[in-house]
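Here is how names work: the chains are called A, B, and so on, in the same order as the sequence lines, proteins then strands, and each is numbered from 1.
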Protein chains: 2
Amino acid sequence: MLQGQDAAAIYIERWVEATTKPEPGICPVRNVLDRIGDKWSMLLVMTLATGPRRFNQLHREIPDISQKMLTQTLRDLQRDGLVSRRVFDTKPPSVEYQLTALGHSLIVPFGHLIEWANESIPVINQARARYDEVA
Amino acid sequence: MLQGQDAAAIYIERWVEATTKPEPGICPVRNVLDRIGDKWSMLLVMTLATGPRRFNQLHREIPDISQKMLTQTLRDLQRDGLVSRRVFDTKPPSVEYQLTALGHSLIVPFGHLIEWANESIPVINQARARYDEVA
DNA sequence: CCGAATCCACGTTGATACTG
DNA sequence: CAGTATCAACGTGGATTCGG
C-alpha cells in the first residue's frame, strides 16, 4: 500500500486510468461510486461484515430501511457479486445473505474513507460554520 | 496504515464508532458519502488535484457539467473546506479555485477506492453477466 | 468572465397493500 | 418468512434565461 505525502500523484494517475477507459457501460469509478454513494448499500455491507444474516434479521437490525429498499439493495449487491444469497427450503422459507470475498475486500478501502471521515469531520464542521456565518 | 487480512475488524469498529455518534446533524459517514457519492464532487476534486483552476477553465475541462452544477458543487466543496476560492478583481473578474489541505488529504483514501474499483471491475462485470443471464 | 434564478424532467426512495 | 406490486413524494440535476 502506498504511503507518504506525494502518494497523491499515484492516485491521480489511477483516477485517470480508471476514468479514461472506454469500457462497456460506464467507467469503473462511477460504477463503484454509484453503489457506495447510495443510501443503504454500505450500511448493509458493514452489517453483513460481521457475519451472515437472514432477511428479517437484517430488517430488525436496520429498522429505518423499507422492505422494498432492503430487497432492492440486496439484489443490487448480489448482482455486483458483493453479497451471496442462499435459500433453505424450510417451512417457512429462510434466506441467508452473506458477504462474498469481493464484498469483504471492499471493507478495507472503504474503511480508509471512514477513517478520513472520522478524522476530518471536526474540520469540516468548522469550515461549514465559518461559511454559513458569513452568509 | 493498517494492513493484513484481518484489518477488516478494525474498520468495522471505526464504522461503528462513526455511525453511533449522535453528533450535530447526521453521522460523519453520511456527510462524507453524500459528497463523494454525488455526481460531480470527486471529479472536481481530482481535476483540481493537479493544480488550481479558474471557473471557465474547469468548465472547459469538464464540458458535461452544467454551469449550475459547476457553481453549486464548487460552493458545496468550499463550504466543506475542501476547496478554496480566490477572487482577483481584474476586468473582467477572474476567480481561482484550488484544493485546500483538507481537500488534498481526501485524495489518498479516495485513491484506495479507485484502486479497488480498477481491480474489481472485471469481477463485478462477470458477476453481473452471470446474474443477468439467469434472469 | 462568473455567476444567479427559474422551471421542469427524471430517478430514487418510501408507504401501503398483497402473496407463496 | 421473505418477498412483489403499485402509487406517491421528494430531491438531484439539466436547460434556459438573465445580471454585475
Side-chain angles (χ1 to χ4, degrees), chain A residues 25-27 29-45 47-48 52-80 83-98 131-132 134-135, chain B residues 25-26 29-45 47-48 52-80 83-98 131 134-135:
Chain A
I26 45 178
C27 92
V29 179
R30 269 261 63 87
N31 270 278
V32 171
L33 251 49
D34 285 346
R35 188 115 323 284
I36 283 185
D38 75 15
K39 198 167 180 183
W40 300 111
S41 287
M42 292 317 292
L43 182 53
L44 282 178
V45 168
T47 302
L48 289 171
R53 300 282 196 290
R54 285 175 318 138
F55 187 85
N56 279 341
Q57 198 174 355
L58 279 171
H59 207 346
R60 275 188 299 272
E61 293 188 40
I62 312 174
D64 286 355
I65 195 175
S66 68
Q67 203 174 39
K68 175 188 169 182
M69 287 315 296
L70 179 53
T71 303
Q72 185 176 309
T73 308
L74 284 170
R75 287 288 170 281
D76 291 340
L77 291 171
Q78 187 191 350
R79 189 175 108 94
D80 285 357
V83 161
S84 66
R85 178 177 185 269
R86 283 177 56 199
V87 182
F88 303 89
D89 56 334
T90 53
K91 200 171 61 139
S94 138
V95 179
E96 189 186 80
Y97 293 92
Q98 68 176 319
Y131 184 93
D132 293 343
V134 176
Chain B
I26 46 177
V29 179
R30 269 262 62 87
N31 269 278
V32 171
L33 251 49
D34 285 346
R35 189 117 318 286
I36 284 186
D38 76 14
K39 197 166 179 184
W40 301 110
S41 287
M42 293 316 294
L43 182 53
L44 282 179
V45 168
T47 302
L48 289 171
R53 300 281 198 289
R54 286 176 322 150
F55 187 85
N56 279 342
Q57 198 173 355
L58 278 170
H59 207 348
R60 275 189 299 273
E61 292 189 39
I62 313 174
D64 286 355
I65 195 174
S66 67
Q67 205 174 40
K68 172 188 171 182
M69 287 316 295
L70 180 54
T71 303
Q72 183 176 309
T73 307
L74 285 170
R75 287 289 170 278
D76 291 341
L77 291 172
Q78 188 191 350
R79 189 174 109 94
D80 285 358
V83 161
S84 67
R85 178 177 185 268
R86 282 177 56 198
V87 182
F88 303 88
D89 56 332
T90 52
K91 199 171 60 142
S94 139
V95 179
E96 189 188 79
Y97 294 92
Q98 69 176 319
Y131 184 94
V134 175

How close do [X] and [Y] get, counting heavy atoms only, and between which atoms?
| X | Y | answer |
| --- | --- | --- |
| B:Ile65 | B:Ile62 | CG2-O, 3.1 Å |
| A:Tyr97 | A:Leu48 | O-CD2, 3.6 Å |
| B:Ile36 | A:Leu33 | O-CD2, 3.7 Å |

remark   = Students should find that the nucleotides of DNA chain D closing off the region near chain B, any atom under 4.0 angstrom from a heavy atom, are D:dG13 to D:dG20

ask   = Heavy atom of residues 60-73 of chain B under 4.0 Å from DNA chain D: which residues?
value = B:Ser66, B:Lys68, B:Met69

task = Under 4.0 Å from any heavy atom of chain A: name the first and the last nucleotide of DNA chain C that qualifies, 5' to 3'.
result = C:dT13 to C:dG20

According to side-chain hydrogen bond (donor to acceptor under 3.5 Å, both in side chains), who are the partners of [X], at least two apart in sequence or on a separate chain?
| X | answer |
| --- | --- |
| B:Arg54 | none |
| B:Arg53 | B:Thr50, B:Glu61 |
| A:Asp34 | A:Arg30 |
| B:Gln67 | none |

ask   = Checking all strands, does A:Tyr97 fall into the base, sugar-phosphate, or nothing category for heavy-atom contacts under 4.0 angstrom?
value = sugar-phosphate

ask   = NA contact type, A:Lys39, heavy-atom cut-off 4.0 Å: base, sugar-phosphate, or nothing?
value = sugar-phosphate

inquiry  = Return the OH to CG distance between A:Tyr131 and B:Asp76, rounded to the nearest 0.5 Å.
reply    = 8.0 Å

task = To the nearest 0.5 Å, tell me how far A:Arg79 CZ sits from A:Leu74 CG.
result = 15.0 Å

Non-neighbouring partners of A:Lys39 that pass side-chain contact (heavy atoms from CB on, under 4.5 Å), sequence neighbours left out = none

request  = Quick one: list whatever passes side-chain contact (heavy atoms from CB on, under 4.5 Å) with B:Ser41, sequence neighbours left out.
outcome  = B:Arg35, B:Asp38, B:Thr73, B:Leu77

request  = Enter the inter-axis angle for the ends of the helix from C:dC1-D:dG20 to C:dG20-D:dC1 (five pairs per end, rounded to 10°).
outcome  = 40°

task = Just do the side chain to side chain contact (heavy atoms under 4.5 Å, CB included) check on B:Asp64 and B:Trp40 with the steps written out, would you?
result = CA-CA 10 Å; B:Asp64 286 355; B:Trp40 301 110; 3.9 Å; yes

message = Holding to salt bridge (Lys or Arg N to Asp or Glu O under 4.0 Å), I want the full list of residues that pass it with A:Arg86, two or more places apart in sequence or in another chain.
response = A:Glu96

